[in-house]
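The residues of the chain are indexed from 1 along the displayed sequence.
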Amino acid sequence: MTIQYTPRGVCSRSFQIEVEDGVIRSVQVVGGCDGNLKGLSSLLAGMKVEEAVQRMEGIRCGGKPTSCPDQLAQALKSAM
């Protein structure tokens, strides 16, 4: 399954997440902090969706009420 998601309240403009049998296969992010998001994408590959949501949901960026990791969690939750 491919999840297309437009994040809100962050610098990133879009996410494309490939999930197979409840496991994240790949994450591609357009916009945002390139190095951090490449690292995050690499760490998420092979992780179960539930674990990724648990680890990332609620993370904030500075004074913002959300972050790219939190928005990735929201994208994954929307597909569960």
Side-chain angles (χ1 to χ4, degrees):
M1 155 178 37
T2 300
I3 302 166
Q4 296 282 354
Y5 188 81
T6 302
R8 295 166 187 84
V10 296
C11 300
S12 298
R13 295 186 304 274
S14 69
F15 301 147
Q16 181 175 313
I17 308 165
E18 294 288 333
V19 176
E20 183 180 313
D21 297 325
V23 176
I24 300 167
R25 295 296 173 205
S26 68
V27 178
Q28 295 179 344
V29 181
V30 175
C33 303
D34 189 54
N36 289 336
L37 293 169
K38 283 180 182 174
L40 185 58
S41 297
S42 179
L43 290 170
L44 289 173
M47 187 179 289
K48 290 185 178 188
V49 169
E50 294 84 10
E51 181 178 358
V53 170
Q54 182 180 19
R55 288 175 178 239
M56 296 186 301
E57 188 172 32
I59 293 175
R60 297 174 59 150
C61 183
K64 296 178 184 178
T66 190
S67 65
C68 289
D70 180 60
Q71 288 295 296
L72 280 165
Q74 300 313 310
L76 291 166
K77 282 177 62 175
S78 73
M80 291 172 65

K.L.:
Got a sec, which pairs hit salt bridge (Lys or Arg N to Asp or Glu O under 4.0 Å) with one end in residues 65-76, sequence neighbours left out?
P.N.:
none
K.L.:
Kindly give the heavy-atom pair with the smallest separation between P69 and M56, and that separation in Å.
P.N.:
O-CB, 3.3 Å
K.L.:
Where is the tightest heavy-atom contact between L37 and G31, given as atom of each residue plus distance?
P.N.:
CD1-O, 3.4 Å
K.L.:
Using modelled atom types only, decide if a donor and an acceptor are shared between the side chain of S41 and the backbone of V27 within a distance under 3.5 Å.
P.N.:
yes
K.L.:
Determine the minimum heavy-atom distance between P7 and S12, stating which atoms define it.
P.N.:
CG-O, 3.3 Å
K.L.:
Are L72 and F15 close enough that some pair of their side-chain heavy atoms sits under 4.5 Å apart?
P.N.:
yes
K.L.:
Tell me the closest heavy-atom pair linking A75 and I3, and the distance in Å.
P.N.:
O-CG2, 3.9 Å
K.L.:
Using side-chain heavy atoms (C-beta onward) and a distance below 4.5 Å, is T66 in contact with V10?
P.N.:
yes
K.L.:
Indicate, with yes or no, if V23 and V53 share a hydrophobic cluster defined by side-chain heavy-atom contacts under 4.5 Å among Ile, Leu, Val, Met, Phe, Trp and Tyr.
P.N.:
no
K.L.:
CE of M47 to CD of Q54: how many Å apart, nearest 0.5 Å?
P.N.:
10.5 Å
K.L.:
May I ask you to test the V29-C68 pair for a side-chain heavy-atom distance under 4.5 Å?
P.N.:
no
K.L.:
Is it true that I24 and L40 fall in one hydrophobic cluster, defined by side-chain heavy atoms closer than 4.5 Å?
P.N.:
yes
K.L.:
Give, for atom OG of S14 and atom CD of Q16, the distance between the pair rounded to the nearest 0.5 Å.
P.N.:
8.0 Å
K.L.:
Is there any salt bridge (Lys or Arg N to Asp or Glu O under 4.0 Å) pair reaching into residues 6-29, and which pairs are they, with sequence neighbours excluded?
P.N.:
none
K.L.:
Give a yes or no on whether M1 and V49 share a hydrophobic cluster (residues Ile, Leu, Val, Met, Phe, Trp, Tyr; joining criterion: side-chain heavy atoms under 4.5 Å apart).
P.N.:
yes
K.L.:
Taking the side chain as every heavy atom from C-beta outward, state whether Q71 and C61 have any pair of such atoms under 4.5 Å apart.
P.N.:
no
